[in-house]
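Keep in mind it's a predicted model, so treat the numbers as computed, not measured. We count residues from 1, following the sequence as given.
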Amino acid sequence: MKDFAGKIAVITGGGTGMGRELARQLVAEGCNVAMCDVSAEAMAETKRLCEVEKLPQGLRITTHVADVSIEDHYKRFRDELIEQQATDKIHLLFNNAGIGGGGSLFTNTREQWERTFNICWGGVYLGVRTFLPLLVKADEAHIVNTSSVNGFWASVGLGVSHTAYSAAKFAVKGFTEAMINDLRLNAPHVKCSVVMPGHIGTSIVSNSRKVQNGADQLNVDELKQVRQRLQGQGIDVAKMSDADIQQLALDRARIFHNEAPTTAAAAAKIILDGVKADRWRILVGDDAHLLDERVRKTPEQAYTPEFYQDLVAATGWKVG
């Protein structure tokens with residue numbers, strides 16, 4: 001698919017981050033966009049940004065409130081899209097929505113763990129299930145599933161558990177790779193790509209807390225976990241109040257967004273260029289390329305302190 005003009009794209013998680021930037025860049029190329037998110041306000045801002053420049057006549061941007069972990073929400077999204085976009089087919093599906101959290105089987109609740117897994121993996125699976133018939137009806141189509149570097153390296157550092165997100169992203173990677181042949185056999189005009197971003201400047205840290213906790217604040221269990229992690233890093237937490245820990249968490253979210261080596265806009269461009277080049281494997285960011293190379297070179301060392309320390313030195317990561 002060399003050209004997006006006149007096509008119809010579905011984007012999950014379109015309210016912020018890479019989803020927002022995908023929408024903006026697709027609209028700029030003359031592509032109709034239907035996005036979903038749990039936040040109507042965030043999607044309204046994305047739509048406003050898309051419309052800053054006057055849209056070509058007939059170009060449509062529609063917003064749909066949906067939780068991608070719930071199949072009935074997806075079905076409602078699909079039905080609204082068919083009506084509002086006046087179509088029975090789509091050309092592009094970006095399964096982009098995701099959150100973090102629920103990293104530990106020991107210190108997080110089952111509900112937190114499954115919330116992360118069901119959005120990051122279930123949202124991709126249900127997205128493909130729901131929209132595949134509309135993709136097949138198009139003359140050409142492309143499915144883009146967002147995994148992560150955590151789809152081939154299940155860690156963000158030695159001091160924090162990261163099981164739910166990593167398990168989900170490994171599932172997304174394997175699912176997409178398996179789809180290559182499934183599509184080739186049954187719908188050869190539909191292609192697919194797996195996207196594996198490194199550290200991208202998005203609001204996923206703060207957004208994840210809002211989805212998990214209902215507010216951009218750590219809950220009691222998370223406060224304990226942060227204290228344990230800081231203590232494991234040799235930091236004296238005895239004199240730190242809960243408010244101090246909360247402020248550290250807010251600072252981490254800010255740093256994650258503002259000091260990332262790759263912006264969300266740059267990531268979106270890499271993804272769209274990858275689709276145009278018909279690449280099934282799209283690494284996003286120099287850190288993703290470096291990590292991919294190192295894990296492949298020394299897989300048995302990938303979870304050692306030395307591997308992580310060398311990685312931080314090479315990439316300048318300030319998270320984990």
Side-chain angles (χ1 to χ4, degrees), residues 1-35 46 49-50 52-53 55-56 59 61 90-98 124 127-128 131 135 138-153 169 172-173 175-177 179-180 183-184 187-204 257 260-293 295-296 315:
M1 191 180 297
K2 306 298 183 184
D3 189 346
F4 301 137
K7 303 291 196 300
I8 301 173
V10 167
I11 304 171
T12 69
T16 58
M18 291 194 302
R20 171 176 287 176
E21 296 302 328
L22 285 167
R24 294 181 68 183
Q25 293 180 33
L26 285 164
V27 167
E29 294 197 33
C31 185
N32 300 285
V33 168
M35 74 185 85
T46 298
L49 291 168
C50 289
V52 167
E53 300 294 334
L55 299 179
L59 196 68
I61 305 170
I90 64 170
H91 304 86
L92 293 154
L93 171 62
F94 295 88
N95 285 310
N96 163 79
V124 171
V128 172
F131 286 106
L135 290 158
D139 55 351
E140 62 174 346
H142 205 116
I143 299 166
V144 184
N145 294 332
T146 300
S147 177
S148 166
V149 292
N150 290 132
F152 59 81
W153 184 66
K169 295 304 185 178
V172 171
K173 178 176 180 289
F175 174 62
T176 311
E177 292 189 19
M179 280 177 56
I180 294 171
L183 291 169
R184 184 181 292 143
H189 64 298
V190 181
K191 310 298 183 183
C192 66
S193 299
V194 59
V195 175
M196 291 172 286
H199 178 190
I200 310 300
T202 72
S203 303
I204 189 172
H257 182 281
T262 305
T263 65
K269 185 177 188 309
I270 291 168
I271 294 166
L272 295 179
D273 287 347
V275 172
K276 289 178 180 178
D278 197 21
R279 286 168 42 214
W280 70 263
R281 189 173 192 269
I282 304 172
L283 291 165
V284 181
D286 291 342
D287 53 345
H289 284 275
L290 186 148
L291 181 55
D292 178 57
E293 178 184 340
V295 170
R296 288 173 179 273
T315 61

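Between the side chain of S147 and the backbone N or O of M196 there is no donor-acceptor pair closer than 3.5 Å. Within the 3.5 Å criterion, the main-chain N or O of I8 finds a donor-acceptor partner in the side chain of H91. R20 places no side-chain N or O within 3.5 Å of a backbone atom of G14 that could act as its donor or acceptor partner. Formation of a donor-acceptor pair under 3.5 Å by the K2 side chain with backbone atoms of K276 is found in this model. Judged purely by atom type and a 3.5 angstrom limit, K191 has no side-chain atom pairing as donor or acceptor with the backbone of V144. Side-chain atoms of D287 do not come within 3.5 Å of backbone N or O of T315 as any donor-acceptor pair. Formation of a donor-acceptor pair under 3.5 Å by the S193 side chain with backbone atoms of V275 is not found in this model.
The structure places CE of M35 at 12.5 Å from CZ of F94, a figure rounded to the nearest 0.5 Å. T146 contributes atom OG1, which lies 5.5 Å from atom CD1 of I271 (distance to the nearest 0.5 angstrom). How far CD of E293 is from NE2 of H289: 10.5 Å, rounded to the nearest 0.5 Å. With rounding to the nearest 0.5 Å, the separation of CZ in F175 from CG in N95 is 8.5 Å. Atoms CE and CG, on M18 and N96 in that order, are 5.0 Å from each other to the nearest 0.5 Å. To the nearest 0.5 Å, atom CZ of residue F131 and atom CD1 of residue I143 are 11.5 Å apart.
More than 12 heavy atoms of other shown residues, nucleotides or ligands fall within 6.0 angstrom of atom CG in D273.
For the residue pair G198 and A288, the shortest heavy atom distance occurs at N-CB, 3.8 Å. Among all heavy-atom pairs drawn from T262 and A267, the shortest one is CG2-N, 4.0 Å. Contact record, L135 with H142: CD2-O, 4.4 Å, taken as the closest heavy-atom pair. Here the closest non-hydrogen pair linking A5 and D3 is N-OD1, 2.9 Å. Residues A23 and T46 approach most closely at CB-CG2, 3.9 Å, considering heavy atoms.
With respect to K7 and E140, a salt bridge is recorded, a charged nitrogen being found less than 4.0 Å from a carboxylate O.
Residues C50 and V33 fail the side-chain proximity criterion, which asks for heavy atoms closer than 4.5 Å. You'll find the side chain of T263 stays beyond 4.5 Å of the side chain of E21, heavy atoms only.
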